[in-house]
Every structure is written in structure tokens, then in C-alpha cells.
There are 2 protein chains.
Amino acid sequence: MTLSIGDAAVQAGISIHTLHYYEREGLLQIERSSSGHRRYSSGDLEWIGILTCLRETGMPIRTMREFARLVQQDSSNIPQRIEILKTHRLEVLAHLKSLQHNLEHVEYKIDYYEKVLVQPMD
Amino acid sequence: MTLSIGDAAVQAGISIHTLHYYEREGLLQIERSSSGHRRYSSGDLEWIGILTCLRETGMPIRTMREFARLVQQDSSNIPQRIEILKTHRLEVLAHLKSLQHNLEHVEYKIDYYEKVLVQPMD
DNA sequence: ACTAGACCTGAAGCGTACTCAAGGTTTTAA
DNA sequence: TTAAAACCTTGAGTACGCTTCAGGTCTAGT
């Protein structure tokens with residue numbers, strides 16, 4: 001069973017244009033029907049899921065391309081794939097920490113304003 | 001005591017160009033010396049800290065501009081300021097949740113590859 | 001007094017990741 | 001069978017947030 005690009009886009013929660021773009025950027029290689037229309041296999045969908053996951057955690061396209069290139073080769077480069085993912089993991093953790101820290105600042109500011117509302121300073 | 005733009009940029013951990021840009025975008029209004037050079041007060045630095053915090057948590061410039069506009073007015077709009085911050089807080093929380101979820105996916109993938117390394121499937 | 005370095009303005013340029021347009025072909029449902 | 005809807009490609013356009021450039025003025029250290 002394969003899906004059309006429209007259905008694949010809905011499945012992946014991204015736009016058809018983004019799927020085209022990812023293919024142009026070398027992140028994807030999709031089989032075609034005899035007429036040239038793309039057919040997405042369940043393996044394709046799974047891979048798109050990984051791409052989406054990496055993208056949503058802030059990995060730049062060029063790094064995703066590098067990762068995709070490794071995956072498209074044989075399995076001898078699994079250490080390099082792990083390396084990319086581990087580096088990315090650390091970056092995501094750092095980003096999470098920064099977000100949590102800054103979130104506290106925002107919450108402090110909210111509390112401050114709410115106190116001012118209850119007991120105006122003028 | 002006031003700081004030059006160079007020192008202020010170092011304090012805030014952002015570039016002089018970004019400070020110029022924020023001023024152009026209406027996020028900042030900085031006093032000038034008689035010759036036209038900017039002088040940053042400690043209040044300015046504090047405000048830049050808030051801007052940086054909002055920016056690093058993903059608030060778009062246009063929303064920051066709206067918030068800045070409210071802060072520049074009188075204190076009668078504190079409820080609107082709280083509204084903006086609370087909305088932003090929810091967005092940051094959603095982003096955090098999404099990141100954490102996707103991070104799990106990345107970690108799962110790392111584990112998967114490490115298992116494959118130990119016990120190749122071919 | 002001199003000069004290197006910092007600052008000023010206005011405008012143009014850049015990197016990233018999409019997103020849309022145009023003009024043509026294929027599929028699908030009535 | 002036919003017409004709307006979906007798909008194709010190439011190439012241009014957009015949104016966002018800076019960042020750099022050019023050409024001039026100001027300041028600070030010696």
C-alpha cells in the first residue's frame with residue numbers, strides 16, 4: 001500500500017510543498033508511478049516522521065541532509081549516525097534548559113504584574 | 001551610571017547591530033548624549049534582559065513590539081501585558097512539551113542504533 | 001594635537017526554511 | 001466521457017531576524 005503526496009502530507013502533518021522541498025534538498029527519495037506521480041510507502045512515512053522530529057527539534061536542513069546521506073548508504077556508518085543524533089540530543093537538552101530558565105523569568109514577570117494589579121504602586 | 005552601546009551589548013550578550021535593530025523596531029527607546037551617542041541606563045539593561053528572554057523563548061518581534069508599546073504607555077494596561085505574557089507562557093509550555101516528546105524519539109533512535117551496533121542485523 | 005577605535009545613519013544584503021505561481025499532465029468520480 | 005481535482009516541474013517570491021556596508025562624526029588614550 002502506498003499513498004499519494006496529498007495523503008502523505010496529511011499523515012505527516014506537513015505541506016505538500018514541504019515534501020517537495022525535502023526531496024529537492026536530498027532528504028527524501030520517493031518512488032514514482034509509471035506516470036511520474038510520487039507513491040509514499042510506509043517506510044517513507046516512517047522516515048518522514050524522523051525528519052519531522054529532527055526538524056521540530058531544531059536540526060538545520062544541512063545536518064538533516066548529512067544524516068539522510070548516511071542512511072541512504074550502507075549500514076557501516078551507523079557510528080556516524082549515532083554521533084549526529086547524540087550531538088543533536090545535547091543541543092536539544094541545552095535548548096530545553098534555556099527555555100525552562102527563561103520561562104521562569106516570564107512567570108516571575110506575570111506574578112509581578114499580578115501583584116501590581118492587586119496593590120498598585122502609584 | 002550609563003553604558004555605551006558596546007558595553008550594553010556585551011552586558012546583554014547580543015550584538016550592537018541587534019540593539020540598533022530593536023530600537024528601529026520600536027522595542028527600545030534609548031537616551032542620547034549631546035553628541036548623539038546612545039547611553040544605556042540600568043533600567044534599559046533590565047528591559048533588554050526582558051526582551052532577550054522573550055526573544056529566546058520564541059516570541060516574534062511584532063508581539064514584542066506590542067508588549068513594548070504597552071509598557072511605554074501608562075500602567076493602566078497591565079491586564080493586557082499579563083494577557084500577552086500568559087499567552088506566551090502557554091506557547092512556551094507547548095513548545096517544551098513538543099521538544100520533550102520529540103527528544104524521546106531521538107533517544108529511541110540512538111538506542112536503536114546502538115543495539116544494531118552490538119548485534120548487527122545482516 | 002593626533003589617531004585608532006567606537007559610534008552614527010540609512011539602506012542594502014543575507015541565511016534559513018519554506019511557499020506560491022504558472023503552465024501543463026494525470027487521475028478520479030459523476 | 002468529461003470536468004474538477006490532484007499532480008507534475010521550474011523558478012520565483014516570502015517571512016523573519018538579523019547583519020553588513022558605506023561614508024561620515026565623536027571619543028579616548030598617548
Side-chain angles (χ1 to χ4, degrees), chain A residues 1-41 44-45 48 50-68 88 91-92 95 98-99 102, chain B residues 1-41 44-45 48 50-68 88 91-92 95 98-99 102:
Chain A
M1 240 306 261
T2 61
L3 296 184
S4 70
I5 189 170
D7 292 344
V10 169
Q11 278 292 316
I14 61 184
S15 87
I16 288 175
H17 305 301
T18 303
L19 284 175
H20 280 163
Y21 170 66
Y22 283 1
E23 208 172 329
R24 255 182 283 142
E25 291 297 317
L27 308 183
L28 279 176
Q29 289 173 195
I30 304 296
E31 297 286 305
R32 305 305 182 92
S33 69
S34 55
S35 68
H37 285 196
R38 293 169 178 80
R39 301 306 318 178
Y40 292 79
S41 69
D44 291 334
L45 293 179
I48 291 167
I50 295 166
L51 291 179
T52 302
C53 166
L54 295 177
R55 192 66 207 89
E56 283 181 0
T57 46
M59 182 181 283
I61 298 293
R62 68 176 170 285
T63 309
M64 288 169 64
R65 181 162 42 230
E66 196 184 335
F67 186 66
H88 182 57
E91 286 165 358
V92 175
H95 186 199
S98 156
L99 275 182
N102 285 309
Chain B
M1 241 307 261
T2 60
L3 297 184
S4 69
I5 189 169
D7 293 345
V10 168
Q11 278 292 315
I14 60 185
S15 89
I16 288 175
H17 307 301
T18 302
L19 284 174
H20 279 163
Y21 170 66
Y22 284 0
E23 207 172 332
R24 256 181 284 139
E25 290 297 316
L27 309 183
L28 279 176
Q29 289 173 195
I30 304 296
E31 297 287 305
R32 305 303 183 94
S33 70
S34 56
S35 67
H37 286 195
R38 293 169 177 81
R39 301 305 318 175
Y40 291 79
S41 69
D44 292 334
L45 294 179
I48 290 167
I50 295 165
L51 290 179
T52 302
C53 165
L54 295 177
R55 192 65 206 89
E56 283 181 359
T57 47
M59 183 181 283
I61 300 292
R62 67 175 172 286
T63 309
M64 287 168 66
R65 180 161 44 227
E66 195 184 336
F67 185 66
H88 182 58
E91 286 164 358
V92 175
H95 186 199
S98 155
L99 275 182
N102 284 309

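Keep in mind that this is a model prediction, so the values were computed, not measured. Heavy-atom basis, side chains included; hydrogens, waters and symmetry copies ignored. By convention in this document, chain letters (A, B, ...) are assigned in the order of the sequence lines, proteins followed by strands, and residues within each chain are numbered from 1.
The backbone N or O of A/Ser98 sits less than 3.5 Å from a side-chain atom of A/Asn102, completing a donor-acceptor pair. Judged by distance alone, with hydrogens and angles left aside, the side-chain atoms of A/Arg39 form a donor-acceptor pair with the main-chain N or O of A/Thr2 at under 3.5 Å.
As a whole-Å value, the separation of B/Glu25 CD from D/dC16 C1' is 10 Å. Atom CD1 in B/Ile5 sits about 17 Å away from atom P in D/dC26, given to the nearest Å. Summarising the geometry, the separation between CD1 on A/Ile16 and P on D/dT10 is reported as 17 Å, rounded to the nearest angstrom. To the nearest angstrom, P of D/dT20 lies 14 Å from NE2 of B/His20. Between the P atom of D/dT9 and the CD atom of A/Glu23 lies a distance of 7 Å, rounded to the nearest Å.
Not one side-chain nitrogen or oxygen of A/Arg24 sits closer than 4.0 Å to the OP1 or OP2 atom of D/dT10. B/Thr18 has a side-chain polar atom (N or O) that falls below the 4.0 Å cut-off from OP1 or OP2 of D/dT19. At D/dT9, one or more side-chain N or O atoms of A/Arg38 fall inside 4.0 Å of OP1 or OP2 (strictly under the cut-off).
Taking 4.0 Å as the cutoff to heavy atoms of chain B, we find the contact window on DNA chain C bounded by C/dC7 to C/dT9.
A distance below 6.0 Å separates the ring centres of A/His95 and B/His95.
Of the charged side-chain nitrogens involved, none lies within less than 4.0 Å of a carboxylate oxygen, so that B/Glu25 and B/Arg62 do not count as a salt-bridged pair.
For the pair A/Glu56 and B/Leu99, the tightest heavy-atom approach, listed with the atom from each and the gap, is O-CD2, 3.8 Å.
Here A/Arg32 lies in heavy-atom contact (under 4.0 Å) with sugar-phosphate atoms only.
Picking from D/dT27, D/dA12, D/dG17 the nucleotide with the shortest atom distance to the side chain of B/Tyr21 gives D/dG17. Candidate nucleotides D/dT27, D/dC16, D/dT20 were compared by shortest atom distance to the side chain of B/His17, and D/dT20 ranks first.
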B/Thr57 and B/Glu91: CA distance, side-chain angles, deciding distance, side chain to side chain contact (heavy atoms under 4.5 Å, CB included) verdict:
CA-CA 9 Å; B/Thr57 47; B/Glu91 286 164 358; over 6 Å; no
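Side-chain atoms of A/Ser4 and A/His37 form no donor-acceptor pair, as typed in the model, at a separation below 3.5 Å.
Of the two residues contacting DNA chain D, namely B/Arg39 and B/Met59, the nearest-nucleotide position lying further toward the 5' end is that of B/Met59. With the nearest nucleotide of DNA chain C identified for both B/Asp7 and A/Pro60, B/Asp7 has the one nearer the 5' end.
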